[in-house]
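One-based numbering, in listed order, for ligands and for the atoms of each.
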Amino acid sequence: MSVAGVAVSPDHFIGGKRVASDARFEDRSPIDEQVLAEVARGGAREVELAVEAACAAFPDWAALGVAVRAEHLRRLADLIDANVDRIAAVECLDMAMLERSLRARVIPRGARNFRTYAELAESYRERIWDSNGTSNRVVRMPAGAVGVITPWNAPFMLSTWKTAPALAAGCTVVLKPPEWAPLSCSLLADLTEEASIPPGVFNVVQGIGEEAGAALVANGRIRRVSFTGSSETGKLVATSAAGNLVPFTAELGGKGPLVVFADADLDAAAQKAALQYDDSGQNCMAGTRLLVEESAAGEFLERFHRAVDAHVLGDPREEATTISPLIHRDHLERVEGFVDRARANGDRIVRGGRVAEIGGLWYEPTLVEPRSNDSEIVQHEVFGPVLTFQTFSTEDEGVGLANSTRYGLAATVYTSSAERAERVGRSIRAGTVWVNCFLVRDLTAPFGGIGISGIGREGGDYALDFYSDLKTLQIREDSTR
Ligand code: NAD
């Protein structure tokens with residue numbers, strides 16, 4: 001099958017082979033809603049085959065040692081780099097992120113993920129110390145076959161973000177890609193084969209969340225579950241993983257604040273605020289709640305509206321486009337539902353608030369001034385091009401609003417005061433706080449959420465520890481003592 005001129009298999013990848021299913025599901029492009037592929041619809045049977053393959057491949061992969069595994073991962077990173085344009089073209093048609101962002105930033109990050117984890121795994125030094133007449137060391141043992149489940153808003157990048165530390169740690173992987181954008185993960189499988197990663201070390205089972213995803217989490221032989229998706233699904237995954245006492249990480253939804261103090265560079269803050277509509281707001285880390293100090297609100301809004309006016313809704317493959325369509329008609333209707341309920345609730349729609357004139361799956365960049373901080377539009381993740389606007393008059397009030405939802409994934413703050421940056425940065429409850437910047441990521445730093453934004457941390461050594469069983473090894477050389 002060919003998508004954007006690139007050969008893509010719609011089948012599973014199990015034990016190094018393509019495996020079909022009798023059942024299939026339709027994968028449509030958000031750009032024109034046309035069917036791109038009829039993808040294999042896996043269930044318990046395919047998951048069982050993949051887990052069997054991953055378990056069979058595990059002892060040899062674990063025994064290979066860190067240095068040889070790192071060589072494989074670097075080869076895979078080189079192959080991703082060599083195929084950026086092909087992967088970006090497929091991903092763009094499949095989930096409609098701007099093609100130029102995919103080429104420049106998002107797909108190359110996949111290669112960076114593998115290189116970073118090759119290096120981190122190699123540079124790990126066991127902690128060694130003497131006590132009670134014994135030498136002690138902390139040994140990382142690879143956990144086994146692990147299950148990885150990813151969402152549609154960055155399927156290739158997020159799959160590599162989870163797979164890289166798992167493979168580097170010596171685990172084998174069964175990946176369940178998102179059903180609304182399953183194709184780039186199929187390309188990743190091809191590249192693992194080209195990188196000579198042994199059969200069974202990396203497997204892909206395509207399918208629907210409630211079928212293949214649920215079967216993967218429930219499988220008793222999976223030793224870890226790494227999940228990224230919505231908070232609602234996260235609860236189901238947590239419950240199911242708990243049934244097998246299997247450790248899991250859950251990277252979930254966000255409702256990040258973007259807090260602007262009057263002493264900030266208002267041009268930069270307003271530009272960044274307008275940027276939150278990128279990818280049609282389908283970014284878990286987005287600062288979707290604009291919280292602006294009262295005295296600067298007018299000046300900020302003027303700049304913000306000017307920046308939003310400059311946005312161009314259109315085909316994500318075109319250079320001029322800055323806002324692409326939403327992923328799926330169901331999701332568009334979900335976004336519409338939030339705004340309609342806000343309107344009915346008496347929240348003020350300041351701009352947008354309807355499906356865009358160009359039709360299709362585009363929704364206008366929307367700003368809502370809520371009637372109260374309790375409004376649904378403030379308290380729940382929309383995951384669309386919808387921001388809220390509120391003001392505050394003291395620093396404490398600003399921080400209070402920032403911390404007033406059950407989410408806590410990421411937050412952004414604009415201020416020119418170094419003291420305030422430190423104070424507010426420490427007071428905001430979120431896994432990541434950016435001050436005077438946004439989306440700047442160091443892959444060795446911990447990443448994750450507080451509250452209903454997640455459990456556990458990815459990134460750096462945190463992920464390598466997650467995919468390992470830590471063992472304390474105590475040796476007394478002289479057994480007569
Ligand atoms: P989702 O929860 O609907 O689906 C995510 C994945 O889980 C998909 O692969 C889906 O097939 C699978 N799934 C669904 N039901 C399942 C079940 N019962 N058991 C096992 N797997 C199941 O999320 P989505 O709509 O694909 O993605 C959007 C959400 O992801 C947003 O809430 C967004 O904030 C979040 N997200 C979080 C991060 C992060 O790092 N925290 C990153 C990206 C997206």
Side-chain angles (χ1 to χ4, degrees), residues 25 27 30 39 41-44 47 94-95 97 106 109 113 147-162 174-182 184-185 204-219 222 225-243 246 248-256 276 279-288 326-328 330-332 334-335 338 380-384 405-410 430-432 439 441 443 446-459 463:
F25 67 92
D27 171 35
V39 179
R41 182 168 176 162
V47 165
D94 208 12
M95 50 71 79
M97 189 183 278
V106 183
R109 166 73 190 277
N113 288 338
V148 168
I149 299 179
T150 48
W152 47 260
N153 69 322
F156 186 85
M157 195 286 281
L158 287 171
S159 298
T160 60
W161 176 233
K162 291 170 176 300
V174 178
L175 167 69
K176 208 300 279 172
E179 55 267 45
W180 280 352
S184 59
C185 292
V204 176
V205 177
Q206 299 285 8
I208 310 297
E210 294 79 357
E211 300 168 4
L216 180 57
V217 180
N219 191 292
I222 284 292
V225 172
S226 178
F227 171 79
T228 297
S230 65
S231 302
E232 290 71 30
T233 311
K235 288 180 203 165
L236 299 176
V237 168
T239 308
S240 176
V246 166
F248 66 96
T249 50
E251 301 290 344
L252 308 176
K255 191 73 189 177
Q276 307 303 312
D279 303 325
S280 267
Q282 300 170 121
N283 179 345
C284 55
M285 297 165 286
T288 52
L326 289 155
I327 182 77
H328 196 276
D330 291 354
H331 191 53
L332 176 75
R334 184 175 175 276
V335 170
F338 269 107
H380 290 270
E381 182 186 49
V382 178
F383 218 53
T405 74
R406 295 175 68 206
Y407 296 90
L409 187 62
T432 301
L439 279 193
R441 297 273 288 110
L443 304 189
F447 181 81
I450 291 173
I452 61 170
S453 285
I455 294 180
R457 290 292 178 269
E458 298 190 316

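- Of the protein's non-hydrogen atoms, Phe227 CE1, 3.2 Å is the one closest to atom 7 (O) of ligand 1.
- Under a 3.5 Å cut-off, the side chain of Glu211 and the backbone N or O of Gly43 do not form any donor-acceptor pair.
- Considering Val225, Leu236, Val246, Thr239 as possible partners of Val217, the one that fulfils the side chain to side chain contact (heavy atoms under 4.5 Å, CB included) test is Val225.
- Residue-ligand proximity, Leu409 to ligand 1, at heavy-atom distances under 4.0 Å covers atoms 41 (N).
- Put simply, the side chain of Arg406 never gets that close to the backbone of Ser453: no donor and acceptor are under 3.5 Å apart.
- Pro182 is linked by a side chain to side chain contact (heavy atoms under 4.5 Å, CB included) to Phe25, Asp27, Val39, Asp94, Gln206, counting only residues two or more places apart in sequence or in another chain.
- Here the protein heavy atom with the shortest distance to atom 20 (C) of ligand 1 is Gly213 C, 3.3 Å.
- When only modelled atom types and interatomic distance are considered, Lys162 and Ser226 share a side-chain donor-acceptor pair under 3.5 Å.
- Below 4.0 Å from some heavy atom of Ala214 lie the following atoms of ligand 1, by number and element: 19 (N), 20 (C).
- Considering only non-hydrogen atoms, atom 5 (C) of ligand 1 lies nearest to Thr228 out of Ile452, Thr228, Val217.
- Nearest to atom 27 (O) of ligand 1 among the protein's heavy atoms is Pro151 CB, 3.3 Å.
- Residue contact check: Lys176 has heavy atoms under 4.0 Å from atoms 9 (O), 10 (C), 11 (O) of ligand 1.
- Shortest contact from atom 35 (C) of ligand 1 to any protein heavy atom: Gly229 O, 3.2 Å.
- Between the side chain of Ser280 and the backbone N or O of Gln282, no donor-acceptor pair lies under 3.5 Å.
- Residue nearest to atom 38 (C) of ligand 1, selected from Cys284, Ala250, Gly449: Cys284 (by heavy-atom distance).
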**OP:** Under the side chain to side chain contact (heavy atoms under 4.5 Å, CB included) rule, what do Val47 and Val174 come out as? Steps first, then yes or no, please.
**Re:** CA-CA 8 Å; Val47 165; Val174 178; 5.6 Å; no
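- For atom 41 (N) of ligand 1, the closest non-hydrogen atom on the protein side is Leu252 O, 2.8 Å.
- Comparing heavy-atom distances from atom 6 (C) of ligand 1 across Leu216, Leu175, Thr150 singles out Thr150 as nearest.
- Shown here are the side-chain hydrogen bond (donor to acceptor under 3.5 Å, both in side chains) partners of Glu179, two or more places apart in sequence or in another chain: Lys176.
- Using a 30° and 60° split on the angle between ring planes, Phe383 and His331 fall in the perpendicular class, above 60°.
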Original post:
Can you check side chain to side chain contact (heavy atoms under 4.5 Å, CB included) on Tyr407 and Ser231, steps first, answer last?
Top reply: CA-CA 9 Å; Tyr407 296 90; Ser231 302; 3.8 Å; yes
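- Comparing Thr233, Asn153, Ile208 by heavy-atom distance to atom 16 (C) of ligand 1, the nearest is Thr233.
- Within ligand 1, counting atoms from 1 as listed, the ones closer than 4.0 Å to a heavy atom of Pro178 are 9 (O).
- Nearest protein neighbour of atom 25 (O) of ligand 1, counting heavy atoms only, is Trp152 NE1, 2.9 Å.
- Taking both residues in full, the closest heavy atoms of Gly147 and Leu216 are given as CA-CD2, 4.0 Å, listed atom of the first, atom of the second, then distance.
- In this structure, Leu158 has a heavy atom closer than 4.0 Å to ligand 1.
- Near Ser230, with a cut-off below 4.0 Å to any heavy atom, the atoms of ligand 1 are 1 (P), 2 (O), 23 (O), 29 (C), 30 (O), 32 (O).
- Between Gly209 and ligand 1, an N or O atom pair is found at a separation short of 3.5 Å.
- Counting only heavy atoms of the protein, atom 11 (O) of ligand 1 lies nearest to Glu179 OE1, 2.5 Å.
- Contacts between Pro177 and ligand 1, counted as non-hydrogen atom pairs separated by less than 4.0 Å, involve the backbone only.
- Not one N or O on the side chain of Lys255 forms a donor-acceptor pair closer than 3.5 Å with the backbone of Glu381.
- Contact check for Leu443 versus Trp161: side-chain heavy atoms found under the 4.5 Å cut-off.
- Under the 4.0 Å distance rule, the nearest protein heavy atom to atom 9 (O) of ligand 1 falls inside the cut-off.
- Of the protein's heavy atoms, Leu236 CD1, 3.8 Å lies nearest to atom 18 (N) of ligand 1.
- If you look at Trp180 next to ligand 1, there are no close heavy atoms at all, none under 4.0 Å.
- With a 4.0 Å cut-off on non-hydrogen atoms, Glu381 touches ligand 1 through its side chain and not its backbone.
- Residue Pro177 is tested with Ile149, Val205, Leu158, Val204 for a side chain to side chain contact (heavy atoms under 4.5 Å, CB included); the sole match is Val204.
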